[in-house]
Amino acid sequence: MCGIVGYVGEQSALDVVISGLRRLEYRGYDSAGVALVTADGLATDKRAGKLINLEESLDRTPLPAATTGMGHTRWATHGGPTDRNAHPHVDCTGKLAVIHNGIIENFSKLRLGLETNGHDFSSETDTESVAHLLEDAYAAAGGNLAQAMRDVCKQLVGAFTLVAVHSDSPECVVGARRNSPLVVGRGVGENFLASDVSAFISFTRNAVELGQDQVVEITRDGISVTTFDGAPAETNEYEVTWDAAAAEKGGFEHFMLKEIAEQPKAVADTLLGRVGVDGKLTLDEMRLSDEELREVDKIIVIACGTAYNAGMIAKYAIEHWTRIPVEVELASEFRYRDPIVDPQTLVIAISQSGETMDTLMALRHAREQRARVLAICNTNGSTIPRESDAVLYTHAGPEIAVASTKAFLTQIVAAYLVGLYLAQVRGNKYGDEIAAILTDLRDMPEKIERVLETMEPVRKLASTLKDKTSVLFLGRHVGFPVALEGALKLKELAYMHAEGFAAGELKHGPIALVEAGTPVFVTIPSPRGRSVVHDKVVSNVEEVRARGAYTILIAEEGDESINSAADFIIRIPACPTLMQPLLATVPLQVFACEMATVKGFDVDQPRNLAKSVTVE
Ligand code: AGP
């Protein structure tokens, strides 16, 4: 995933572009570059490494002033993160520059043809082929950059957001998108292009959503959008509700800490406006009729990573409330297993970014099989909701840290709302039963806040365990996906071996991993829920303790029955069984975040990872 910013207006293009790239750096950060259209022609600079490397280079060797320009932060796909492979890429004339997000699948064949025709290449990237294609198309189009872009896009196979400038066309910046994000910011006497709105919301909150296979040309005073064939295209303009401050760290050391702390509000906001005055759920944006929902006889959740873990939790609730069978599938596996999908299947695509390529390709497969697709997404106007039949947006606000936290809790809440809405529409639950569960949900933000207020011992625990080589996580029922999520957080933040298991599965092999001092986190179900499950998990704790494990138990306040089995206890407020993941996950997030800090790792941008994985 890469960060892209384009600008044309009256301000310093470099200042606008760099400020936008800073907001987008989470999208990919192994190199960065800028291209400006100056009075003396095209001026560029690009550097491997984080954005600061580019900024230092620009300080050393300033570029001429310009009011038209673009910039890019990269997450490498083709070609390593080097200065040469950094974007922008320039054509042979040195007048045209292009930046790109995605993958051009047919770039090798294109490059061969271009080299045969005398084009000189200087990088290993797929993107540079586009620069040389644009060079030829620009000449053929008589200096019309937008037409050149349209002609080139029709030759490309793959996923791409492209933005280009040409020194002979200083008044415009041209962009195009297919299977990759690009949004327009409409200003006064200035306009913006970006991978997502956080790049320009400090300048304008008026955004124009671009659709699939569209080309956009921005000038100071105009925005023109067409199809790849040149026909005028429909666009959707909307106001961005996020404040600029919301995308800043708000006083926290890391975005992740800020976002962990925002979880009570994120959960509360996700519930807002979804219950009518009559106490009934009103999910208007769902855009699926009650009749369609009554026909659903199977649900398949498709997602990746943390979103997949949220789907695993949702399965327990939705099946319990609606009696509809729910399968939870890793999106990257879904379409290759020849899934059984038909018009009565409701596919729920869960995605924070709305751009995850694995999930996008899986939902396309589902739609080809005539399933109805509902997206649960946190990013307004992103590709996955745009390509779904319906969407339920989470309202977590911008999640900048690569490790997902508040999006996870709000995905669970949103999935619960879908389950309750299905139960309401299909009559599986009476109104008062649904109202009671909604009350339980509305009680959760305050309970999450209480958990957040007691995390200091968990932070200290991270320091004492920092030299451990392996950490296990156990849970049963909805506690099992919590274990998976706790392990994922520790892996992606502290680069430690960690595994989550169903507690009952341990004796079937994994218990061999347990040795003296092995830290084992266990989420203890409420004894008030299904006591049999509670007692079985306590037995599992005894099993690992007997083998020397260091047991860290997450248990509800008042459950003293676990004290003798615990080396360390993390208390959480009592809550209904299905609500417990919203509380039990929080200490695991804090533990992993603190472990990364103790180890001196980059909490917000862990190695090898990007916030949105837009390649398969
Ligand atoms: C979560 O901490 C990870 N960053 C990753 O697993 C993420 O959840 C996954 O890539 C899915 O992303 P999405 O929700 O944007 O689709």
Side-chain angles (χ1 to χ4, degrees), residues 1 26-29 75 179-181 195-196 198 254-257 259-260 263 266 301-314 328-334 347-364 373 375-388 391-394 396-412 414-415 473 481-482 484-495 498 500 585-586 588-593 595-596 601-616:
M1 186 61 249
Y26 71 86
R27 299 179 73 93
Y29 36 84
W75 184 55
N179 290 336
S180 178
S195 312
D196 75 41
S198 56
H254 308 296
F255 278 116
M256 185 178 176
L257 287 173
E259 289 150 13
I260 288 172
Q263 293 184 115
V301 177
I302 54 174
C304 304
T306 286
Y308 170 83
N309 294 335
M312 289 278 282
I313 290 168
V328 186
E329 292 278 349
L330 290 170
S332 55
E333 289 291 315
F334 174 70
V347 169
I348 300 177
I350 303 178
S351 175
Q352 188 285 131
S353 64
E355 300 297 347
T356 299
M357 190 53 72
D358 286 325
T359 308
L360 178 60
M361 300 314 278
L363 85 78
R364 283 189 181 156
V373 178
I376 290 178
C377 185
N378 192 47
T379 309
N380 189 311
S382 56
T383 306
I384 286 172
R386 270 214 306 277
E387 296 205 11
S388 298
V391 58
L392 189 63
Y393 281 112
T394 53
E399 185 177 73
I400 307 297
V402 167
S404 187
T405 52
K406 61 179 182 173
F408 177 65
L409 295 199
T410 58
Q411 286 161 357
I412 295 167
F473 296 78
V482 170
L484 297 178
E485 177 60 12
L488 175 59
K489 284 288 155 301
L490 197 60
K491 280 184 265 198
E492 65 178 331
L493 287 158
Y495 317 151
T585 306
V586 175
L588 304 182
Q589 296 167 342
V590 171
F591 177 79
C593 182
M595 186 66 85
F601 297 153
D602 189 327
V603 170
D604 287 333
Q605 297 175 0
R607 71 182 182 194
N608 305 343
L609 297 177
K611 182 59 182 172
S612 172
V613 183
T614 59
V615 291
E616 278 190 292

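Atoms within each ligand, like the ligands themselves, are counted from 1 in listed order.
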- Message: My understanding is that we take every heavy atom of each candidate and find the minimum distance to atom 13 (P) of ligand 1. Doing that for Thr356, Leu488, Ile350, which one comes out nearest?
- Response: Thr356
- Message: One thing to verify: whether Glu399 and Lys406 come together as a salt bridge, which I'm taking to mean a side-chain N less than 4.0 angstrom from a carboxylate O.
- Response: no
- Item | Exercise: do Glu485 and Gln589 side chains pair donor with acceptor under 3.5 Å | no
- Item | Taking every non-hydrogen atom, the tightest pair across Ala596 and Leu493 | CB-O, 3.3 Å
- Message: Counting non-hydrogen protein atoms only, what is the nearest one to atom 3 (C) of ligand 1? Give residue, atom name and distance.
- Response: Glu492 OE1, 3.4 Å
- Side chain of Glu333, backbone of Leu330: donor and acceptor closer than 3.5 Å? no
- Can you tell me which residue and heavy atom of the protein come closest to atom 10 (O) of ligand 1, and the distance to 0.1 Å? Val613 CG2, 4.3 Å
- Task: Report yes or no: does Glu355 have a heavy atom closer than 4.0 Å to ligand 1?
- Result: no
- Of the choices Ile376, Leu360, Val402, which has the non-hydrogen atom that lies closest to atom 4 (N) of ligand 1? Val402
- Item | Residues that Glu259 engages under side chain to side chain donor-acceptor pair (under 3.5 Å), provided they are two or more places apart | none
- Taking atom types as modelled, find out whether Asp196 and Ser198 have a side-chain donor-acceptor pair closer than 3.5 angstrom. yes
- Nearest-neighbour protein heavy atom for atom 8 (O) of ligand 1, which is reported as residue plus atom name and distance: Thr306 N, 3.2 Å
- Look at ligand 1 and say whether Ala403 reaches it with a heavy atom at a distance under 4.0 Å. yes
- Atom indices of ligand 1 within 4.0 angstrom of Lys489 heavy atoms, with elements: 1 (C), 2 (O)
- Message: With respect to Ser351, determine whether any N or O atom, backbone or side chain, lies less than 3.5 Å from an N or O atom of ligand 1.
- Response: yes
- Nearest protein heavy-atom contact for atom 11 (C) of ligand 1: which residue, which atom, what distance? Cys304 O, 3.5 Å
- heavy-atom search around atom 14 (O) of ligand 1 in the protein gives Gln352 N, 2.7 Å
- Classify the side-chain pair Lys489/Ser404 by whether it contains a donor and acceptor separated by less than 3.5 Å. no
- Query: What residues form a side chain to side chain donor-acceptor pair (under 3.5 Å) with Gln352, not counting sequence neighbours?
  - Reply: Asn378
- If you measure only the distance, is there a donor-acceptor pair under 3.5 Å linking the side chains of Thr383 and Glu355? yes
- Message: Suppose I only count heavy atoms of Ser404 and a 4.0 Å limit; which atoms of ligand 1 are within that range?
- Response: 1 (C), 2 (O)
- Query: If you count the atoms of ligand 1 from 1 in the order shown, which ones are under 4.0 Å from a heavy atom of Gly305?
  - Reply: 6 (O)
